[in-house]
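In this chain, numbering begins with 1 at the start of the sequence shown. Keep in mind it's a predicted model, so treat the numbers as computed, not measured.
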Amino acid sequence: MTSETSANSASPDSSEYSGHSEPLSDRSPHTFQVDLRGLVDLLSHHLYSSPRVYLRELLQNAVDAITARRAEQPDAPALVRLYADGGRLRVEDSGIGLTETDVHSLLATIGRSSKRDGAEGLASARAEFLGQFGIGLLACFVVAAEIRVVSRSARTPGAPPVEWCARDDGSYTVRTLPDSARPEPGTTVHLTARPGSADWLTEERVLSLARDFGSLLPYDVRVGEAAVTALPAPWDRPYPSPAARRVALGRHCHEQFGFSPLDAIDLDLPLAGIRGVAYVLPSAVSPAQRAGHRVHLKGMLLTDRADELLPDWAFFVRCVIDTDSLRPTASREALYADETLAAVREALGDRIRDWLTGLAAGDPERLAEFLSVHHLGVKSLARHDGAMLRTMLPWLPFETTDGRLSLEEFARRHPVVHFTRTVEEFRQVAPIASAQGIGVVNGGYTYDTELVERLPSVRPGTAVAELDADTVTAHLDSVDPAQELALGAFLAAARARLDPLGCDVALRAFHPLTVPALHLDDRAARHEQARAEAEGQADDLWAGILGSLRGSAPRARLVLNHLNPLIRRIGSLDSPELAATATEALYGQALLMAQRPLRPSDSALLNRAFIGLLEWATHPAAPGHSPADPQEDGR
């Protein structure tokens, strides 16, 4: 078998390298020779994802042949029949059929498409065909050792039936047959399985593949007596009530994707030739998980892994659509990325957006149920869509110091909406901020910080500010100067012990009084801390470079709670060394309470403080030891 593509492999300037002096125009062109075995291997291992596509190619050829015949004879029968017995498969269609000339031109030439070349005289009807790449029956060699085609042309009624028989070694024969071999126009394809591929030609497997690929085809397709097509499509069928339609679509979703949906969204784009439905997943999924949408092209399944069909934010739905406008890739197993696909993606996103808006306006209970599972997807959309953010403000949940609330409700309660950029920062300050009346939103979850920062654009007059250590400290009550002066020696020892860790010590009075110490920092402080650590471990050259980067950002601070009895007892210790060890223990406990990751130096400090306190506890006569005051402890 040879390609009809002829080409010169030499470039216009190749004569100076080839050693030939005759002009290029005098050379005779040669025709590429094709190794069919190698080409079949290329198809099966690189172009197609699975041998299963052989049945799609057979169905596609049959449907195209019927489409071609009906373009000339609108009342012609439209039948496709498949018969399988495990080692052989027979596919019969009532299509346009082929003459002997067509057979030589179309079946024996790799790369030619009847639709493209106009060999069937139907250029104006090209849009109705499924196949556009001329590979056709060649894909059947993935599972077949021999392909036999018997065809009779409907366009040339006097032409006799013709037989084309090809083997996977690249050889083929063509002969004419008596009229009795094929009395009516149409084509019959016979496949004989290659060793190891008989399972692909069993009746059960063929029926399963035919229904998967061809359930939406517009013609009567059967495997034996079993129907393949099921028209109209589930989303186009009439139902006695909306409830009955939801049940039917739910059943269809379970058959296609294996889950029962929260809801079904109609996807109807007449201008783009798209009809279908989007099913809302009943459980949360990762935004990074690529969705598998099912796309039918003119009724034939193109792919069940079309992850580029919807915008990235719509990861909470799975779609089934039928289209006649999107282009397939060469393998016909994916969508061609072009402007049409981009426009369809945006339009389908608009349909899902309209569905959300409709729920917000008319069905808040269903919206709340949806958001309890998929709020992340809506937040992703609302980041770039002001109208959607404005619509969803009363519904989208956020973690705050007042509990789980919408931004709308939270902004009504607090004149300034403070937020943290990380979950750790929120957990660090939430109990203290709540007790001091500071409203804080946890912006550490995906998209939350972006949405809080956009709040003033959709809710004019709302003040938004990032919460930092200075803001929290400013809301804590100062301690009487005389009392702070009395604890001066203790505070000096505590500051000296924590200074190498890049942490200051402050004394304040705040609630809840059960919290002895609070560790406060922000991103700038952590950056400065990391720089200082790197400078301490670097050689002279890098230490100088890192030293030049030293900033004026505030350092982290350990805020001691003067209302806590333990702090007052530690402040009255006679031993500066013991007070310093106790300070290290308070620092470590504050870090743990804030659920912050510990640096190696922090872990070493915790270990040192723990051992030091154990040693002190096991030597009651040690300097600075005094029994606890029962009244102060509340015992």
Would you say Arg345 has more than 12 foreign heavy atoms packed within less than 6.0 Å of its CZ? yes

Atom pair CG (Leu326) and CD (Glu308), whose distance is rounded to the nearest 0.5 Å: 9.0 Å

Go through the structure and list residues passing salt bridge (Lys or Arg N to Asp or Glu O under 4.0 Å) with Glu255, not counting sequence neighbours. none

Counting C-beta onward and ignoring hydrogens, is there a side-chain heavy-atom pair between Arg275 and Ile321 closer than 4.5 Å? no

So does Arg81 pair up with Glu92, basic N to acidic O under 4.0 Å? no

Please check this pair: side chain of Asp85 against backbone of Gly87, looking for a donor-acceptor N/O pair closer than 3.5 Å. yes

How many angstroms lie between atom CD of Glu346 and atom CG of Leu310, to the nearest 0.5 angstrom? 12.5 Å

Any Glu369 side-chain heavy atom under 4.5 Å of Leu262 side chain: yes

Rounding to 0.5 Å, atoms NE2 (His293) and CG (Leu267) come to a distance of 10.0 Å

Side chain proximity check, Val223 to Glu203, heavy atoms < 4.5 angstrom: yes

Is it true that the side chains of Thr323 and Ser325 contain a donor and an acceptor less than 3.5 Å apart? yes

Would the distance check show the side chain of Asp102 and the main-chain N or O of Thr99 forming a donor-acceptor pair, the cut-off being under 3.5 Å? yes

So CG of Leu389 and NE2 of His384: to nearest 0.5 Å the spacing works out to 11.5 Å

Heavy-atom side-chain contact between Leu217 and Val228 under 4.5 Å: no

Within the distance-only criterion (no hydrogens, no angle test), does the side chain of Arg152 pair as donor or acceptor with the backbone N or O of Leu98 below 3.5 angstrom? no

Heavy-atom count around Glu184 CD within 6.0 Å, excluding the residue itself: above 12? no

Arg182/Thr188 under side-chain hydrogen bond (donor to acceptor under 3.5 Å, both in side chains): CA gap, chis, key distance, verdict: CA-CA 9 Å; Arg182 177 83 200 194; Thr188 302; 2.6 Å; yes

Derivation and outcome, side-chain contact (heavy atoms from CB on, under 4.5 Å), residues Tyr83 and Leu89: CA-CA 6 Å; Tyr83 304 94; Leu89 173 64; 5.8 Å; no

Considering non-hydrogen atoms only, spot the tightest contact between Ala272 and Asp324 and give its length. O-OD1, 4.0 Å

Do any N or O atoms from the side chain of Arg222 and from the backbone of Glu225 form a donor-acceptor pair under 3.5 angstrom? yes

Which atoms form the tightest heavy-atom contact between Cys319 and Phe257, and what is the distance? O-CZ, 3.4 Å

N/O donor-acceptor pair under 3.5 Å between Thr202 side chain and Asp199 backbone: yes

Nearest heavy-atom contact between Leu177 and Pro160 is O-CB, 3.8 Å

Side-chain donor/acceptor of Thr156 to backbone N/O of Ala159, under 3.5 Å: no

Is it the case that atom CD in Glu204 sees more than 12 heavy atoms from other parts of the structure closer than 6.0 Å? no

Do any N or O atoms from the side chain of Ser197 and from the backbone of Trp200 form a donor-acceptor pair under 3.5 angstrom? no

Can you name the closest pair of heavy atoms from Leu201 and Thr192 and give their distance? CD1-C, 4.4 Å

Can you find a heavy atom in the side chain of Ser94 that is under 4.5 Å from one in the side chain of Ile66? yes

Got a salt bridge between Arg294 and Asp212, using NZ or NE/NH1/NH2 to carboxylate O under 4.0 Å? yes

If you measure only the distance, is there a donor-acceptor pair under 3.5 Å linking the side chains of Arg69 and Gln73? yes

Flag the pair Val344 / Ile274 as yes when at least one side-chain heavy-atom distance between them is below 4.5 Å, and no otherwise. yes

Determine whether Leu297 and Pro328 make a side-chain contact, defined as any pair of heavy atoms from C-beta on separated by less than 4.5 Å. yes

Whether the side chain of Thr67 engages the backbone of Val63 through a donor-acceptor N/O pair (distance < 3.5 Å, no angle test) should be reported. yes

For side-chain contact (heavy atoms from CB on, under 4.5 Å), just list the numbers for Gln256 and Asp304, CA-CA rounded to whole Å, side-chain angles, deciding distance to a tenth of an Å, and then say yes or no. CA-CA 9 Å; Gln256 300 296 315; Asp304 57 5; over 6 Å; no

Min side-chain heavy-atom separation Val317-Ile352 under 4.5 Å: yes

Do side-chain atoms of Tyr279 reach the backbone of Leu249 as a donor and acceptor pair under 3.5 angstrom? yes

Would you compute the distance between atom CD of Glu146 and atom CZ of Arg88 and round it to the nearest 0.5 angstrom? 7.5 Å

Could you report the tightest heavy-atom contact between Leu381 and Arg353, atom names first, then the distance? CD1-NH2, 3.4 Å

For the atom pair CG (Leu371) and CG (Leu367), what is the distance rounded to the nearest 0.5 Å? 4.5 Å

Any side-chain to backbone donor/acceptor pair from Arg383 onto Ser380? Under 3.5 Å, distance only. yes

For side-chain contact (heavy atoms from CB on, under 4.5 Å), just list the numbers for Val295 and Leu309, CA-CA rounded to whole Å, side-chain angles, deciding distance to a tenth of an Å, and then say yes or no. CA-CA 9 Å; Val295 177; Leu309 183 65; 4.0 Å; yes

Could you walk me through whether Leu79 and Tyr219 pass the side-chain contact (heavy atoms from CB on, under 4.5 Å) check? CA-CA 6 Å; Leu79 306 174; Tyr219 305 133; over 6 Å; no

From CA spacing to verdict: ring-ring contact (aromatic ring centres under 6.0 Å, His included), Phe370, Trp355: CA-CA 12 Å; Phe370 166 78; Trp355 170 78; 5.2 Å; yes

Check the orientation of Tyr172 and Trp164. Use parallel for under 30°, tilted for 30 to 60°, and perpendicular for over 60°. tilted

Is it the case that atom OH in Tyr239 sees more than 12 heavy atoms from other parts of the structure closer than 6.0 Å? yes

For Phe213 and Val53, the nearest pair of non-hydrogen atoms, with its separation, is CZ-CA, 4.3 Å

